[in-house]
Student: 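Following this message is one structure expressed as structure tokens.
Only this structure's heavy atoms are used, side chains among them; waters, hydrogens and symmetry mates stay out. Note that the coordinates shown come from a computational prediction; the quantities given were computed from them, not determined experimentally.
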Amino acid sequence: MRDTRIPLDDLRRSLRPVAADWDGRQPMDRLGRPLRDLRISVTDRCNFRCSYCMPKEVFDKTHAFLPHSALLSFEEITRTAKLFVGLGVRKLRLTGGEPLLRKNLERLVEMLAALRTPEGEPLDLTLTTNGSLLARKAQALKDAGLQRITVSLDALDDAVFRRMNDVDFPVADVLRGIEQAQAVGLAPIKVNMVVKRGTNDHEVLPMAEHFRGSGIVLRFIEYMDVGATNGWRMDEVLPSAELLQRLLQRHALEAMDPTAEGETAERWRYADGSGEIGLISSVTQAFCGGCNRARLSTEGRLFLCLFAGAGHDLRALLRSGVGDEQIAATIAGIWQRRADRYSELRGVAAPAPDVRRVEMHYIGG
Ligand code: SAM
Ligand code: SF4
Ligand code: SF4
């Protein structure tokens, strides 16, 4: 077997300055933000080719996905997650690519569901999926200890949905997955709709109507300029304020207070008590000030921002033979140096020309 360990001298050099300035407590970054949320990408593969994420022309048959040996194993993911919990993380989200494509994912869910906070509480454990395999897998995920789930769904109209996933996948199968998730008791269920003006913005009202009164929270996400392949244009973004106006013409809505620290969605409830919706305005109303999220890529790189150009290689550390304490100190040091706030600076500062941003399917949403 290939020796994946990195030379100890290199490692000591990289660890020393970091470990020295960490006092063992939960780290804060340079903007005073704690570390609370870890998003774990379990695969860079996907069975969809949503044009805003993995355009078909780029992610075609010639695209080289990561080999299995490059992926973090379930044991490595769980060990890393445990260290993050020690540093303050209370929420774990599995994502991808399409996480349900990762073989035996239920086993990983089981391992993560067994983790506890220092106070002995279970973590908030969830998963984001395109829903294509959910009807088949919902029960096993629930049995493994998954509490809740987020399903991405961009349209109810079958033709629009097939065009957006770009692999001709029928919307009925995703709706069946959502029903099954509800039936097995994964709750609450959230549905994420990325809204692109001119592509699916006419589906906003039908989607709201469909999920109103179902107990499912529909969240509208502004189309973002993530990665470097989706050809993002500002004129294809439907600002949340405009979307809200469209909803208000049809429904009476009341603003709700945020419930969680660092919450990304602005929440609104139907005045008649038939549920709530969320607006995620990453482009027009940046929420970097409360951003307490870290992202672990499929191959174990730690990213501090969705728009980062590079990650920190934790896999090398995990495979080097160093102890948990040193790895925790390294992560803490990385977090303490964090000053990312891309969305707040978007449009204010020009992006660094030589930085190619990481793709969404590689670090998860
Ligand atoms: N495949 C899974 C899915 O689609 O739910 C999980 C990974 S996907 C990268 C996570 C989330 O990112 C999805 O809700 C997706 O809609 C969202 N997303 C991907 N590209 C986006 C973009 N350019 N703008 C806004 N959201 C995006
Ligand atoms: Fe796949 Fe999710 Fe990206 Fe669509 S958004 S291509 S389903 S990873
Ligand atoms: Fe967090 Fe980066 Fe998004 Fe700002 S742009 S909210 S720092 S992930």
Student: What distance separates Ser320 OG from Leu314 CG, expressed to the nearest 0.5 Å?
Tutor: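 Answer for the OG-CG pair, Ser320 versus Leu314, is 10.5 Å.
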Student: Report whether Val167 and Leu156 are members of the same hydrophobic cluster (ILVMFWY, side-chain heavy atoms less than 4.5 Å apart, transitive linking).
Tutor: yes
Student: Please report the C-alpha distance between Glu110 and Arg107 in whole Å, then the side-chain angles of each, then the deciding distance to 0.1 Å, and finally whether the salt bridge (Lys or Arg N to Asp or Glu O under 4.0 Å) criterion is met.
Tutor: CA-CA 5 Å; Glu110 206 169 69; Arg107 174 74 192 123; 2.9 Å; yes
Student: Which atom names give the shortest non-hydrogen contact between Val174 and Ser152, and what distance separates them?
Tutor: CG1-O, 4.4 Å
Student: Under a 3.5 Å distance rule, please check whether Arg315 uses its side chain to pair with a backbone N or O of Ala70 as donor and acceptor.
Tutor: yes
Student: Which residues satisfy the salt bridge (Lys or Arg N to Asp or Glu O under 4.0 Å) test with Arg33, sequence neighbours excluded?
Tutor: Asp29
Student: Determine whether more than 12 heavy atoms belonging to other residues, nucleotides or ligands lie under 6.0 Å from atom NZ of Lys91.
Tutor: yes
Student: Examine distances only and state if a side-chain atom of Ser281 and a backbone atom of Thr284 form a donor-acceptor pair shorter than 3.5 Å.
Tutor: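 A pair under 3.5 Å: no.
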Student: Does the side chain of Glu76 reach to within under 4.5 Å of the side chain of Leu71, using non-hydrogen atoms?
Tutor: no
Student: If you take all heavy atoms of Phe84 and Leu302, which pair is closest and at what distance?
Tutor: CZ-CD1, 3.7 Å
Student: Quick one, Val217 and Val191 - any side-chain contact, counting heavy atoms below 4.5 Å?
Tutor: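 When only atoms from C-beta onward are counted, Val191 and Val217 do not touch, as no gap falls below 4.5 Å.
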Student: Starting at CD1 of Ile331, measure out to CD1 of Ile327 and round the result to the nearest 0.5 Å.
Tutor: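 Here the interatomic distance stands at 7.0 Å.
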Student: Check side-chain hydrogen bond (donor to acceptor under 3.5 Å, both in side chains) between Gln139 and all other residues, then give those that pass, not counting sequence neighbours.
Tutor: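 By the side-chain hydrogen bond (donor to acceptor under 3.5 Å, both in side chains) rule, Gln139 matches Asp143.
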Student: Identify which one of Glu236, Glu242, Glu222 satisfies the salt bridge (charged side-chain N to carboxylate O under 4.0 Å, His left out) criterion when paired with Arg197.
Tutor: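 Of Glu236, Glu242, Glu222, salt bridge (charged side-chain N to carboxylate O under 4.0 Å, His left out) with Arg197 is met by Glu242 alone.
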Student: Just checking, any donor-acceptor pair under 3.5 angstrom between side chains of Glu119 and Thr117?
Tutor: yes
Student: Do you know the tightest heavy-atom contact between Val160 and Ala155?
Tutor: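 Closest pair (atom of Val160, atom of Ala155, distance): CG1-CB, 3.6 Å.
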Student: Can you see which heavy atom on Met54 is nearest to which on Arg49, and at what distance?
Tutor: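 Between these two residues, the closest heavy atoms are O-CD, 3.2 Å.
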Student: How long is the span from the OG atom in Ser282 to the CZ atom in Phe307, to the nearest 0.5 Å?
Tutor: 6.5 Å
Student: Keeping Asp201 on the side-chain end and Gly198 on the backbone end, is there a donor-acceptor pair under 3.5 Å?
Tutor: yes
Student: When you measure from the side chain of Arg45 to the backbone of Gly97, do you find a donor-acceptor pair of N or O atoms at a distance under 3.5 Å?
Tutor: no
Student: Examine Leu247 and Leu238 and state if one hydrophobic cluster contains both, with Ile, Leu, Val, Met, Phe, Trp and Tyr joined whenever side-chain heavy atoms are less than 4.5 Å apart.
Tutor: yes
Student: After noting the C-alpha distance and the side-chain angles of Asp44 and Thr298, does the key distance pass the side chain to side chain donor-acceptor pair (under 3.5 Å) rule?
Tutor: CA-CA 6 Å; Asp44 59 337; Thr298 313; 5.2 Å; no
Student: Under the side chain to side chain contact (heavy atoms under 4.5 Å, CB included) rule, what do Phe74 and Val42 come out as? Steps first, then yes or no, please.
Tutor: CA-CA 9 Å; Phe74 289 171; Val42 293; 5.7 Å; no
Student: According to a 4.5 Å side-chain heavy-atom criterion applied to Ile, Leu, Val, Met, Phe, Trp and Tyr, with indirect links allowed, do Leu248 and Met193 form part of one hydrophobic cluster?
Tutor: yes
Student: Quick one: pull up CZ in Arg30 and CG in Asp340 and give me the separation to the nearest 0.5 Å.
Tutor: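 Arg30 atom CZ to Asp340 atom CG measures 9.0 Å (nearest 0.5 Å).
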Student: Looking at every non-hydrogen atom in both residues, tell me the closest pair between Phe59 and Cys53 and how far apart they are.
Tutor: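 Looking at all heavy atoms of both residues, the shortest contact is CE1-O, 4.0 Å.
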Student: Kindly give the heavy-atom pair with the smallest separation between Val194 and Asp154, and that separation in Å.
Tutor: N-OD1, 3.0 Å
Student: Determine whether Thr95 and Leu127 satisfy the following criterion, side chain to side chain contact (heavy atoms under 4.5 Å, CB included), listing intermediate values before the conclusion.
Tutor: CA-CA 6 Å; Thr95 177; Leu127 178 150; over 6 Å; no
Student: Could you check Leu105, Thr150, Val151, Leu101 and say which one makes a side chain to side chain contact (heavy atoms under 4.5 Å, CB included) with Thr129?
Tutor: Val151
Student: Does any N or O in the side chain of Lys142 come within less than 3.5 Å of the main-chain N or O of Gln147, such that one atom is a donor and the other an acceptor?
Tutor: no
Student: Kindly say whether Asp166 contributes a backbone atom to a donor-acceptor pair with the side chain of Lys56 at under 3.5 angstrom?
Tutor: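 Indeed, once roles are kept as given, a pair shorter than 3.5 Å links the two residues.
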Student: Applying salt bridge (Lys or Arg N to Asp or Glu O under 4.0 Å), name anything that partners Arg116, two or more places apart in sequence or on another chain.
Tutor: none
Student: Tell me if a side-chain donor or acceptor on Asp313 pairs with a main-chain N or O of Ala316 at a distance below 3.5 Å.
Tutor: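 Yes, the answer is positive, given that a donor and an acceptor are paired below the 3.5 Å cut-off.
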Student: Check whether any side-chain N or O of Thr126 sits under 3.5 Å from a backbone N or O of Arg148 as a donor-acceptor pair, and report yes or no.
Tutor: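 Side chain of Thr126 to backbone of Arg148, a donor-acceptor pair under 3.5 Å: yes, one is there.
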Student: State plainly whether one hydrophobic cluster holds both Leu205 and Ile277, where clusters connect Ile, Leu, Val, Met, Phe, Trp and Tyr through side-chain heavy atoms under 4.5 angstrom apart.
Tutor: yes
Student: Can Asp37 and Arg93 be counted as an ion pair, charged N to O under 4.0 angstrom?
Tutor: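 Here Asp37 does not pair with Arg93 in a salt bridge, since their nearest N and O are not under 4.0 Å apart.
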Student: After noting the C-alpha distance and the side-chain angles of Ile334 and Arg337, does the key distance pass the side chain to side chain contact (heavy atoms under 4.5 Å, CB included) rule?
Tutor: CA-CA 5 Å; Ile334 293 169; Arg337 289 197 294 267; 4.1 Å; yes
Student: Quick check for you: to the nearest 0.5 Å, what is the distance between Leu92 atom CG and Leu123 atom CG?
Tutor: 5.0 Å
Student: Within the 3.5 Å criterion, strictly below it, is a donor on Asn165 or Asn47 matched to an acceptor on the partner's side chain?
Tutor: no
Student: Taking the side chain as every heavy atom from C-beta outward, state whether Leu253 and Glu276 have any pair of such atoms under 4.5 Å apart.
Tutor: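 Leu253 does not reach Glu276 side chain to side chain.
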Student: Hey, any chance Leu35 and Leu31 share a hydrophobic cluster, counting ILVMFWY side chains that come within less than 4.5 Å of each other, even indirectly?
Tutor: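 No; tracing contacts between hydrophobic side chains, which count when under 4.5 Å, never links both residues.
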Student: Quick one: does Glu299's side chain have a donor or acceptor within less than 3.5 Å of a partner on Leu72's backbone?
Tutor: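 Not at all, since once roles are kept as given, no pair shorter than 3.5 Å links the two residues.
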Student: Going by the angle between their ring planes, with limits at 30° and 60°, are Tyr270 and His251 parallel, tilted or perpendicular?
Tutor: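 Because their plane-to-plane angle is over 60°, the rings of Tyr270 and His251 count as perpendicular.
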Student: Could you walk me through whether Glu209 and Arg212 pass salt bridge (Lys or Arg N to Asp or Glu O under 4.0 Å), step by step?
Tutor: CA-CA 5 Å; Glu209 203 52 59; Arg212 196 164 69 93; 3.3 Å; yes
Student: Among Leu218, Val195, Asn200, Asp157, find the one that has a side chain to side chain contact (heavy atoms under 4.5 Å, CB included) with Met207.
Tutor: Leu218
Student: Using only atom types and a distance under 3.5 Å, with no angle test, would you say the side chain of Ser297 pairs donor to acceptor with the backbone of Arg301?
Tutor: yes
Student: Does a side-chain heavy-atom distance below 4.5 Å link Gln180 with Leu134?
Tutor: no
Student: Indicate yes or no: does Glu121 engage Arg90 in a salt bridge with an N to O separation below 4.0 Å.
Tutor: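 Not counted as a salt bridge, because no side-chain N and carboxylate O are separated by less than 4.0 Å.
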Student: Dump the intermediate steps for side chain to side chain contact (heavy atoms under 4.5 Å, CB included) on Tyr52 and Ile221, then the final yes or no.
Tutor: CA-CA 12 Å; Tyr52 53 69; Ile221 304 182; over 6 Å; no
